[in-house]
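Read through the structure below, which is laid out as structure tokens, and then see the notes.
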Amino acid sequence: MATRVLTGTTGRARARRLADGSARESAARAGLTARGVIYLLVGLLALQIAFGGGGGREADRSGALEELAAKPFGSVLLWALGIGLVGMALWRLSEALFGTIGADGRKAKKRLPAAARCVFYGFVAYSVLAFAASPSHGSGGSSDQQSRDVTARVMEVTAGRWLVGAAGAGIVIAGVVIAVQAARRSFRKKLKTGELAPWSRKLVDVTGVAGGVARGAVFATAGAFAVRAAVDYDADRAKGLDDTLRSFADTPLGPWLLALVAAGLVLFGVFSFALARWRRV
């Protein structure tokens with residue numbers, strides 16, 4: 001009798017762990033897919049802007065949501081996107097609470113970034129769901145205006161310039177780290193390598209490197225603008241995603257550099273889809 005009870009208890013515990021793992025995996029894969037959709041749309045909008053199009057829409061999250069809302073069954077797609085991002089936030093929350101994959105997954109250096117990502121994706125999910133519930137009210141404004149408003153408010157507090165400068169420097173460092181890790185193909189450590197065929201391995205490598213470097217460049221550039229805003233004590237120097245992307249067209253390479261970065265963001269969207277299929281979670 002005792003053996004049967006013990007066996008039953010162990011079986012239930014195992015089933016519960018499998019269910020928890022399945023839920024976590026489903027949330028992660030839905031979130032990665034949703035992230036891919038956003039980066040894909042932002043990249044495509046930026047490509048249109050590089051070649052003189054764009055239809056007045058901004059190459060940021062608000063522009064991506066407006067683009068999606070204009071499609072057939074746009075409302076359904078927006079709700080699906082928002083729910084997917086909720087999954088991303090919950091997955092990152094589980095990593096913050098219980099650790100990530102890898103030998104050092106339970107260490108603070110892994111769990112704290114996961115907590116930060118949980119907060120970030122929770123905010124993004126809320127903004128997407130709010131837009132889905134009421135598209136006529138917009139998505140909370142452009143990223144450019146939001147960046148300027150937040151920078152201005154922070155600068156009003158004691159040592160606000162230093163806070164903005166430190167945040168900007170942190171974003172620059174994060175962008176460099178993202179680009180370097182992508183170039184080194186660090187993402188391979190988190191893949192189900194046994195399930196990758198030669199073509200899929202090539203797909204992941206190309207999209208992961210090109211997309212990650214482009215994403216890192218955008219982060220680093222946005223952070224540099226925040227540092228400049230702090231140095232000049234001018235909140236208008238801060239730029240959101242749309243203005244940051246457009247700034248690439250103001251370089252000597254002109255719109256071709258913007259097109260290159262935009263293509264990289266499209267590839268990062270594809271890379272996110274690949275992770276949704278082959279990432280270990």
Side-chain angles (χ1 to χ4, degrees), residues 35-68 70-71 124 139 141-148 151 168-187 199 201-229 231-232 234 236-275:
R35 185 183 72 174
V37 170
I38 292 178
Y39 271 98
L40 185 66
L41 291 174
V42 169
L44 290 174
L45 285 170
L47 276 173
Q48 293 176 30
I49 292 170
F51 294 111
R57 285 183 177 153
E58 299 191 340
D60 57 10
R61 187 173 64 251
S62 64
L65 295 182
E66 290 170 6
E67 184 78 9
L68 201 59
K71 303 298 181 185
V124 175
S139 57
S142 71
S143 61
D144 301 318
Q145 189 59 52
Q146 290 175 352
S147 295
R148 288 191 289 268
T151 302
I171 295 172
V172 171
I173 294 171
V176 172
V177 170
I178 288 171
V180 170
Q181 288 183 338
R184 295 176 61 186
R185 295 176 173 84
S186 298
F187 50 79
W199 71 266
R201 185 183 299 273
K202 186 68 174 179
L203 172 69
V204 171
D205 278 349
V206 171
T207 58
V209 172
V213 169
R215 182 173 177 242
V218 172
F219 269 69
T221 304
F225 282 124
V227 172
R228 184 177 179 183
V231 172
D232 294 346
D234 183 0
D236 289 338
R237 295 286 191 184
K239 296 182 184 295
L241 179 56
D242 180 69
D243 275 353
T244 297
L245 286 170
R246 291 175 190 268
S247 70
F248 288 107
D250 297 331
T251 65
L253 293 178
W256 291 106
L257 180 57
L258 171 57
L260 185 64
V261 173
L265 295 182
V266 170
L267 290 176
F268 188 79
V270 176
F271 175 65
S272 294
F273 297 148
L275 289 182

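The model shown is predicted, which means the values in this text are computed figures rather than measured ones. Index from 1, following the sequence.
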Any side-chain heavy atom of [X] sitting closer than 4.5 Å to one from [Y]?
X      : Y      : value
Asp243 : Arg148 : yes
Ser147 : Phe225 : no
Leu245 : Val42  : yes
Val218 : Phe248 : yes

side-chain hydrogen bond (donor to acceptor under 3.5 Å, both in side chains) against Thr151, all qualifying residues, sequence neighbours excluded = none
For Asp250, the side-chain hydrogen bond (donor to acceptor under 3.5 Å, both in side chains) test, sequence neighbours excluded, returns none
Looking at residues at least two apart in the chain, or sitting in another chain, which of them share a side chain to side chain contact (heavy atoms under 4.5 Å, CB included) with [X]?
X      : result
Val177 : Ile173, Gln181
Ala217 : none
Val231 : Val227
Phe273 : Thr33, Val37, Leu40

What are the two closest heavy atoms between [X] and [Y], and how far apart are they?
X      : Y      : answer
Leu241 : Asp60  : CD2-CA, 3.7 Å
Ala226 : Gly168 : CB-CA, 3.7 Å
Ile171 : Phe219 : CG2-O, 3.1 Å
Ala50  : Pro255 : O-CB, 3.3 Å
Gly264 : Ala214 : CA-CB, 3.6 Å
Gly212 : Ala182 : CA-CB, 3.6 Å

Got a sec, which residues hit salt bridge (Lys or Arg N to Asp or Glu O under 4.0 Å) with [X], two or more places apart in sequence or on another chain?
X      : answer
Lys71  : Glu67
Asp236 : none
Arg228 : Asp232

With sequence neighbours left out, which residue pairs that include part of residues 205-218 fulfil the side chain to side chain donor-acceptor pair (under 3.5 Å) condition?
-> Tyr39-Arg215, Arg188-Asp205
Side chain to side chain donor-acceptor pair (under 3.5 Å) pairs, two or more places apart, involving residues 263-274 | Arg35-Ser272
Give, for atom CG of Leu260 and atom CG of Leu47, the distance between the pair rounded to the nearest 0.5 Å.
-> 10.0 Å
Calculate, to the nearest 0.5 Å, the distance between atoms CG and CG belonging to Leu203 and Leu267 respectively.
-> 9.0 Å
Please indicate whether Arg185 has more than 12 foreign heavy atoms, meaning atoms of other residues, nucleotides or ligands, lying under 6.0 Å from its CZ.
-> yes
Side chain Asp234, main chain Ala229, donor-acceptor under 3.5 Å | no
